Amino acid sequence: MAEGPENPNSAGANKPGLSLHVPEPKFRPGDTVDFGHVDVDAPGRLPRPDESCDPRDLTDHAYGLVRVLGDDDRAHGAWDPKLDADTLRAMLGHMAMTRAFDERMFRGQRQGKTSFYMKCTGEEATSIASAMALAADDMVFPSYRQQGILIARGYPMIEMINQIYSNKGDKLKGRQLPIMYSSREKSFFTISGNLATQTPQAVGWAMASAIKGDSRIAATWVGEGSTAEGDFHAACTFATVYNAPVILNIVNNQWAISSFSGFAGAERTTFAARALGYGLAGLRVDGNDALACYAAERWAANRARANAGPTLIEFFTYRAEGHSTSDDPAGYRSAQERSEWPLGDPVTRLKNHLIAIGEWDEDRQAEMDKNAAEKVRATTKEAEANGILGHGLHHPFHTMFEDVFEELPWHLQEQADQAIKEREIKFPGGLKL
């Protein structure tokens, strides 16, 4: 039998061997951290182009960093949104409330009152400042770390806590993982645990708004890791092709649950630069600068309302805490990273800005923090009266079969009857059915 060609991978083959590149973060637990490789633009360096500009005019904005607040705690440059002091104080108040809410809910999870929670520490500006730049009825399609949007829009905190506890007051009837809120009244689309599904949904909603001649736009938030999902790329294509009035916000907080942003492509380029290939307007923004976050979101919202096209925004920030209560970041990153992050803390930076312009002081900040913590504590106690995890104060068992069909199909009715019967046998008279 004739021999085939020599195996090109065999020893002695006159061809160079290939090697696979596997991204590796710069710092691991125990390493000394130096963020000198992070290129931080001077505040005010990038110009603020006209909102109807061609996306190709934004190349520098996709690789640079839109910043407003400087080391002197003052606002600089054309991106300064020139917000009045009352608006800035309201923004700071929402951030303080969100941070107090996170702390209380985190402790509640550790005490066994709920199964799961996710903090947004260090990322508050990316949701709160951005949400304040939108109209109250613009539709938002969040990921699972945008609780600040609901707080900024005035959603009742007790409803958020009821949902986290999955108790008898939970409007979603315990059908969603804790922290996956939904509010039609606040134009807050239901959070999904499936990554990036909200991006094509936001684009589709925006297209429908345009078809109807409505005035409302859509905005969505997604983590940088989730941009590796196919749904995100489909969303970018549809947004560009149909000129959808939508804002695609990427929260680049450097880490997924245990893998760094390099696995989503950050080693090669910025996430904002992905906009260039799709023909999208792209902005890369200091995500810990509340004024820059507000200014960029407002710019994109104005662009969408003028039918000038969609915008992709990368908020360059840092996830200060673990991915969730199920995660321990000490196992995969240096403990020094949080304190060494060159863009600081968004709450502290906004507070210092207000102090620098003579509109705030440390005593009022301490009072704000105290009042926020007290309000969260009191509201939590009120919600706990509706039940907590494992204490039986939940929606009746039969409700798990409801609210999907107008009339329950016969085969599901049979399943419901059987399930209720088995439950009666197992817990005779002991649990609500």
Side-chain angles (χ1 to χ4, degrees), residues 20-23 54-59 61-64 123 126-127 130 138-146 189-211 217-285 287 296-297 299-301 303-304 307-317 319 323:
L20 179 69
H21 171 69
V22 179
D54 190 298
R56 289 172 291 186
D57 297 335
L58 294 169
T59 300
H61 294 73
Y63 290 102
E123 303 175 41
T126 66
S127 59
S130 299
D138 285 336
M139 193 70 182
V140 297
F141 292 76
S143 182
Y144 37 63
R145 219 184 299 275
Q146 278 77 52
F189 196 80
T190 308
I191 297 174
S192 170
N194 298 318
L195 299 181
T197 57
Q198 69 272 24
T199 52
Q201 291 164 350
V203 173
W205 191 96
M207 290 169 60
S209 185
I211 291 169
I217 66 171
T220 183
W221 283 254
V222 66
E224 90 284 346
S226 296
T227 65
E229 295 284 334
D231 278 354
F232 172 78
H233 297 279
C236 289
T237 299
F238 273 78
T240 304
V241 169
Y242 294 102
N243 210 47
V246 65
I247 307 170
L248 303 167
N249 296 303
I250 300 173
V251 182
N252 177 8
N253 64 18
Q254 314 306 312
W255 289 94
I257 188 166
S258 59
S259 61
F260 82 119
S261 58
F263 280 102
E267 277 190 342
R268 305 300 186 184
T269 188
T270 70
F271 290 96
R274 294 186 176 182
L276 301 175
Y278 286 105
L280 283 161
L283 301 173
R284 187 166 176 262
V285 179
E297 196 77 9
W299 185 95
R303 180 180 177 85
N307 290 312
T311 303
L312 184 153
I313 300 175
E314 175 190 351
F315 291 116
F316 193 65
T317 182
R319 195 195 77 210
H323 182 266

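Numbering starts at 1 and runs along the sequence shown. Quick caveat, the model's predicted, so the values are computed rather than measured.
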Report the C-alpha distance between Asn253 and Arg145 in whole Å, list the side-chain angles of each, state the deciding distance to 0.1 Å, and finish with yes or no for side chain to side chain contact (heavy atoms under 4.5 Å, CB included). CA-CA 11 Å; Asn253 64 18; Arg145 219 184 299 275; 4.1 Å; yes
Determine whether Gln146 and Val140 satisfy the following criterion, side chain to side chain contact (heavy atoms under 4.5 Å, CB included), listing intermediate values before the conclusion. CA-CA 10 Å; Gln146 278 77 52; Val140 297; over 6 Å; no
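Taking all atoms of both residues into account, the shortest heavy-atom contact from Gly282 to Ala275 is CA-CB, 3.7 Å. Contact between Met207 and Phe238 at its shortest, heavy atoms only, is SD-CD2, 4.3 Å. When all heavy atoms are compared, the tightest approach of Thr220 to Ala202 is CB-CB, 3.6 Å. Shown here for Val203 and Ala235, the closest heavy-atom pair between the two residues is CG2-O, 3.6 Å. Taking each heavy atom of His61 and Asp57 in turn, the nearest pair found is ND1-O, 4.4 Å. Nearest heavy atoms, Leu58 versus Ala281: CD1-CB, 3.5 Å.
Taking CD1 from Ile250 and OG1 from Thr270, the interatomic distance works out to 9.0 Å, rounded to the nearest 0.5 Å. Between Glu297 atom CD and Ser130 atom OG the span is 4.0 Å, to the nearest 0.5 Å. Between atom OG1 of residue Thr126 and atom CZ of residue Phe316 there is a gap of 13.5 Å, rounded to the nearest 0.5 Å. How far CD1 of Ile313 is from CH2 of Trp221: 9.0 Å, rounded to the nearest 0.5 Å. One distance of note links CG of Asp138 with CD1 of Ile217; it measures 4.5 Å at 0.5 Å rounding. To the nearest 0.5 Å, atom CD of residue Gln201 and atom CZ of residue Phe189 are 4.5 Å apart.
Under the rule for a ring-ring contact (aromatic ring centres under 6.0 Å, His included), Phe271 has no partner lying at least two apart in sequence or in another chain.
No side-chain heavy atom of Val246 sits under 4.5 Å from any side-chain heavy atom of Phe141. Using a 4.5 Å heavy-atom threshold, the side chains of Arg319 and Glu123 count as touching. At a threshold of 4.5 Å between non-hydrogen side-chain atoms, the residues Pro23 and Phe260 count as touching. Side-chain contact between Leu248 and Val222 is absent, with no heavy atoms from C-beta onward closer than 4.5 Å. Using a 4.5 Å heavy-atom threshold, the side chains of Tyr63 and Thr269 count as touching. You'll find the side chain of Ile247 stays beyond 4.5 Å of the side chain of Pro310, heavy atoms only. Residues Leu312 and Phe232 are in side-chain contact: their nearest non-hydrogen atoms beyond the backbone lie under 4.5 Å apart. In this structure the side chain of Gln254 reaches within 4.5 angstrom of the side chain of Asn252, judged on heavy atoms.
Between the Asn243 side chain and the Asn307 main chain, a donor and an acceptor come within less than 3.5 Å of each other. With hydrogens and angles ignored, the 3.5 Å screen pairs no side-chain donor or acceptor of Ser259 with any backbone N or O of Ala256. Under a 3.5 Å cut-off, the side chain of His233 and the backbone N or O of Thr227 do form a donor-acceptor pair.
Ring geometry for His323 versus Tyr144: interplanar angle over 60°, hence perpendicular rather than tilted (30 to 60°).
Around the CZ atom of Phe263, the shell of radius 6.0 Å holds more than 12 heavy atoms that belong to other residues, nucleotides or ligands.
Using modelled atom types and a 3.5 Å distance limit, the side chains of Glu229 and Asn194 yield no donor-acceptor pair.
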